[in-house]
There are 2 protein chains.
Amino acid sequence: MLWFVATAPEMEHTQRMPASNAPSTARERARVEITQEILDTARGHLAKDGAASLSLRAVARDLGMVSSAIYRYVPNRDSLLTMLIIEAYNSLGADVEKVGRTLRRDAYLERFLVTCHAVRGWALAHPQEYALIYGSPVPGYAAPTDTIGPASRVPTVLLTILIDMHRNDRPKKSMPVEPLVSTAIADIRKFSGGLLPDDLLLRGMAAWSGLFGAVSFELYGHLHNVVAEGPKHRKAYFDHQMRQVAAGLGLG
Amino acid sequence: MLWFVATAPEMEHTQRMPASNAPSTARERARVEITQEILDTARGHLAKDGAASLSLRAVARDLGMVSSAIYRYVPNRDSLLTMLIIEAYNSLGADVEKVGRTLRRDAYLERFLVTCHAVRGWALAHPQEYALIYGSPVPGYAAPTDTIGPASRVPTVLLTILIDMHRNDRPKKSMPVEPLVSTAIADIRKFSGGLLPDDLLLRGMAAWSGLFGAVSFELYGHLHNVVAEGPKHRKAYFDHQMRQVAAGLGLG
DNA sequence: AACAAACCAGAGCACTGCTCTTGCTTTGCC
DNA sequence: GGCAAAGCAAGAGCAGTGCTCTGGTTTGTT
């Protein structure tokens, strides 16, 4: 249950493993190769035109195959999107985990800020992929269980910072937590290994949704006519907001 | 510039005005009537199947007209969505403004919390409409200027609470604001009539994105396996989070 | 009464996701 | 090596979409 407590998860299940589970036959090798090509060009189309107008036929056309051939490799459009979702979560997760590793373990505020900026940076670089995973889910689409692992990489990083912080300087005055709220967060408390008091856990979750709320607002245009458009201004504003969030976390 | 400073905007531009601008001829009357029918059934389809699968043909079918006839009343699918967006903003705005009027003007914390719960309540009651306005915008879609008025009703309510609060009990220690950040928020400062110090304004914006971040996370399933599913638990959790946000605002 | 603007119905184009059938190639097994 | 089974590509086809164009009708105005 506490598998993640190490400062940063060492696993890099983003990369396709090189030689394990050798695809013996030539056909199998071609299969994974073509599947990867499909995913790659699909990701290209997604980045260019957005998820809503991602077309299996267009992907097939780009690959020089007829549309029906796609269905040998991908059961349907939704599962293609699911694969892209998993890739997106892993791409974001890898970025976030990477920048966290460059800092001293006890530089909690810096680790938090660097995490926030990594999320924002990835979102600005991959807006359509961000929208795919943190925007409104396509109607009738229920996230399959394969996504929850990749999806929890960022929350895990945030939790790890909190746990590291809490382990080293205990005190900090805490806000009372209603019993109903306490039972509501049983799942995440278990996930965190019970290493955090409820109050701090809840602050962490507020920081979590505050972070993605800020990124989403910027990306979806809700800061139009509110915060100046330039990247300099936007970044400074975001930094300030995240420092505020960090203060609510007991950092800084 | 300070047109909104009154506790709650008195205008109710949600309702269609009854007798003004009389649609003299029978044809004109039929026109607005049919347009309204189109909007109504479109809203029904939206609520049921989501924005992505909203079909002009299906709407036409429901109204017993042939698909091409729709284009007499609506230029295209995007502008139908835009009309629904405006309606959604106004519906949410009206709800939020309404609940705020039931409270004493100096009950700042209560006004804030009631606003938050009104947003969440509306979102849970109209998930697809919420996704339409606060989810990922459809690709290639640029919000037309007609939406910015309705869209600013909720922010206006939040700002009004802050202004009322700041006018009556000044002090509160403030956090320093970098000059770059200060220039970044020139637009919103002007919009707020310059009645708030930058620090408080920034806290308000953090509360704003924190509120919608929390609602979006709940609605889009990011609390799955994190916060217990039941409405009781979810509401208690949300309430706690918003109280935390309020504390960051200097309330409570 | 005459005329132009607004309307409706239908056919049609180009596109989508997805299925099914027809042949062909590769694979694993005896 | 032979051979059935499985995997594959290609094409036709179905039902649906947004949107346009044409012809014919209704309506409001002069």
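Chain A is the first sequence line, chain B the second, and so forth, proteins listed ahead of strands; every chain is numbered from 1.
Taking the nucleotide of DNA chain C with the nearest heavy atom to each of B:S68 and B:R27, the more 5' of the two is matched to B:R27.
Separating the CG atom of A:L81 from the P atom of C:dT16 is a distance of 15 Å, rounded to the nearest angstrom. We find that CZ of B:R57 is positioned 16 Å from P of C:dT16, with the value rounded to whole Å. Between the CZ atom of A:R61 and the P atom of D:dA9 there is a distance of 18 Å, given to the nearest Å. What separates CG of B:L63 from P of C:dC8 is a distance of 11 Å, to the nearest Å. Following rounding to the nearest Å, A:N76 (CG) and C:dT19 (C1') show an atom-to-atom distance of 13 Å. If you measure from atom CG of B:L80 to atom P of D:dT17, you get 14 Å, rounded to the nearest angstrom. Regarding B:D49, its CG atom lies at a distance of 14 Å from the C1' atom of D:dG16, rounded to whole Å. One interatomic measurement links the two molecules: CD1 of B:I34 to C1' of C:dA6, which rounds to 12 Å at whole-angstrom precision.
Contact check, B:R72 against C:dC7: no side-chain N or O comes under 4.0 Å of OP1 or OP2. Within the 4.0 Å cut-off from OP1 or OP2 of C:dC8, not a single side-chain nitrogen or oxygen of B:R31 is found. Listed pair A:Y71 / D:dA10 fails the phosphate criterion, with no side-chain N or O lying under 4.0 Å from OP1 or OP2. Taking 4.0 angstrom as the limit, B:S55 places a side-chain polar atom (N or O) nearer than this to OP1 or OP2 of D:dG18. Checking the phosphate oxygens (OP1, OP2) of C:dG17, a side-chain nitrogen or oxygen of A:R77 falls inside 4.0 Å.
Residue-level contact check: B:L54 touches the backbone only, with heavy atoms under 4.0 Å from sugar-phosphate atoms and none from bases.
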Practice item. Carefully, step by step, assess B:R43 and B:D40 under the rule salt bridge (charged side-chain N to carboxylate O under 4.0 Å, His left out). Key: CA-CA 5 Å; B:R43 200 181 322 110; B:D40 288 346; 2.9 Å; yes
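Between the side chain of A:S216 and the main chain of A:G213, no donor-acceptor pair closer than 3.5 Å is present. With B:S79 contributing its side chain and B:T82 its backbone, the two residues share no donor-acceptor pair below 3.5 Å.
Listed by chain and number, the residues in a side-chain contact (heavy atoms from CB on, under 4.5 Å) with B:V96 are B:L92, B:T115, B:A118, B:V119, B:V154, B:V157 (sequence neighbours excluded).
Out of C:dT16, C:dG17, C:dA9, the shortest distance to the side chain of A:A58 is found at C:dT16.
B:L132 contributes atom CG, which lies 8.5 Å from atom OH of B:Y89 (distance to the nearest 0.5 angstrom).
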